[in-house]
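The structure appears below as structure tokens.
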Amino acid sequence: VRHGMPILRELVNVSRETSNLAVLEGTDILYVAQIESMERLRMSEAIGNRLPAHCTSLGKALLASLPEEAFDELYRKFDKLESITAHTITDKQRLKEHLQKVRQDGVAYDFEENENGVVCMGTVVRNYTRQPIAAMSISMPIQRLRGENLITSKEHLLHAAHRLSAELGYDSRMARAEAPRD
């Protein structure tokens with residue numbers, strides 16, 4: 001949190017939207033830091049609040065970073081996932097397919113899955129051991145969602161998460177060097 005707050009503040013300054021930091025605890029995410037947007041219409045979640053991971057961009061980013069076996073173990077007792085809005089993914093298999101896309105894109109999206117009228121995008125923060133330890137997100141009212149805004153916000157988010165990961169000792173050059181080649 002100490003390292004994240006200045007980066008969250010900068011993310012809000014460039015994106016003009018609320019930025020969040022959360023960790024995965026079981027099948028929930030726990031909000032550990034947030035800087036609110038300066039806009040009058042904004043998203044806000046209390047620090048310490050827990051939400052189901054499967055319906056938040058923060059949670060989906062973290063779930064996508066888990067090995068498939070760990071995901072299966074985490075959700076083995078769930079036949080159906082809790083529906084928060086009409087847009088929430090409630091089928092485990094559909095969520096697993098969605099998480100595959102998150103792995104490819106490096107960013108998870110929540111299009112009104114947790115709160116009607118709110119869109120979020122999130123990505124993981126890694127530490128010096130290359131482990132995902134948190135997720136960072138941007139939240140905005142759906143009224144401000146436009147194609148160019150979504151692309152720019154994604155770039156700002158990825159840059160901010162990369163900076164925080166680097167501050168925590170993560171070296172993305174090492175991860176690329178170790179990645180399997182085709």
Is a donor on one side and an acceptor on the other found under 3.5 Å between the side chain of [X] and the backbone of [Y]?
X: Ser137; Y: Gly122; value: no
X: Glu112; Y: Gly117; value: yes
X: Thr90; Y: Lys80; value: no

Do you know the tightest heavy-atom contact between [X] and [Y]?
X: Met136; Y: Leu164; answer: CE-CD2, 3.6 Å
X: Leu8; Y: Gln34; answer: CD1-N, 4.2 Å
X: Glu17; Y: Val12; answer: O-CG2, 3.2 Å
X: Leu74; Y: Gly26; answer: CD2-O, 3.5 Å
X: Ala64; Y: Val102; answer: CB-CG1, 3.5 Å
X: Phe111; Y: His87; answer: O-CB, 3.7 Å

Q: Name all residues meeting the salt bridge (Lys or Arg N to Asp or Glu O under 4.0 Å) criterion together with Glu69; count only those two or more places apart in sequence or in a different chain, and write none if there are none.
A: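 By the salt bridge (Lys or Arg N to Asp or Glu O under 4.0 Å) rule, Glu69 matches no residue at all.
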Q | Arg76/Glu73 salt bridge by N-O under 4.0 Å criterion | A |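 Yes.
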Q) Going hydrophobic residue to hydrophobic residue with side-chain gaps under 4.5 angstrom, can you get from Ile47 over to Leu11? A)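 Result: no, two separate clusters.
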Q: Step by step, work out the side-chain contact (heavy atoms from CB on, under 4.5 Å) result for Phe78 and His54.
A: CA-CA 12 Å; Phe78 292 81; His54 71 277; over 6 Å; no
Q) Can you tell which of Asp105, Asp110, Leu157 makes a side-chain contact (heavy atoms from CB on, under 4.5 Å) with Met121? A)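 For Met121, the side-chain contact (heavy atoms from CB on, under 4.5 Å) test succeeds with only one of Asp105, Asp110, Leu157, which is Leu157.
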Q) Any side-chain heavy atom of Pro52 within less than 4.5 Å of one from Leu81? A)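 Pro52 does not reach Leu81 side chain to side chain.
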Q) Is any side-chain heavy atom of Ser37 less than 4.5 Å from a side-chain heavy atom of Arg144? A)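 A side-chain contact under 4.5 Å exists here.
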Q | Ser19 vs His156, side-chain contact (heavy atoms from CB on, under 4.5 Å): CA-CA, chis, key distance, verdict | A | CA-CA 11 Å; Ser19 62; His156 291 312; over 6 Å; no
Q.
Working note: Lys101 + Tyr109, criterion side-chain contact (heavy atoms from CB on, under 4.5 Å); need CA distance, chi angles, decisive distance, verdict.
A. CA-CA 10 Å; Lys101 182 160 177 37; Tyr109 295 95; over 6 Å; no
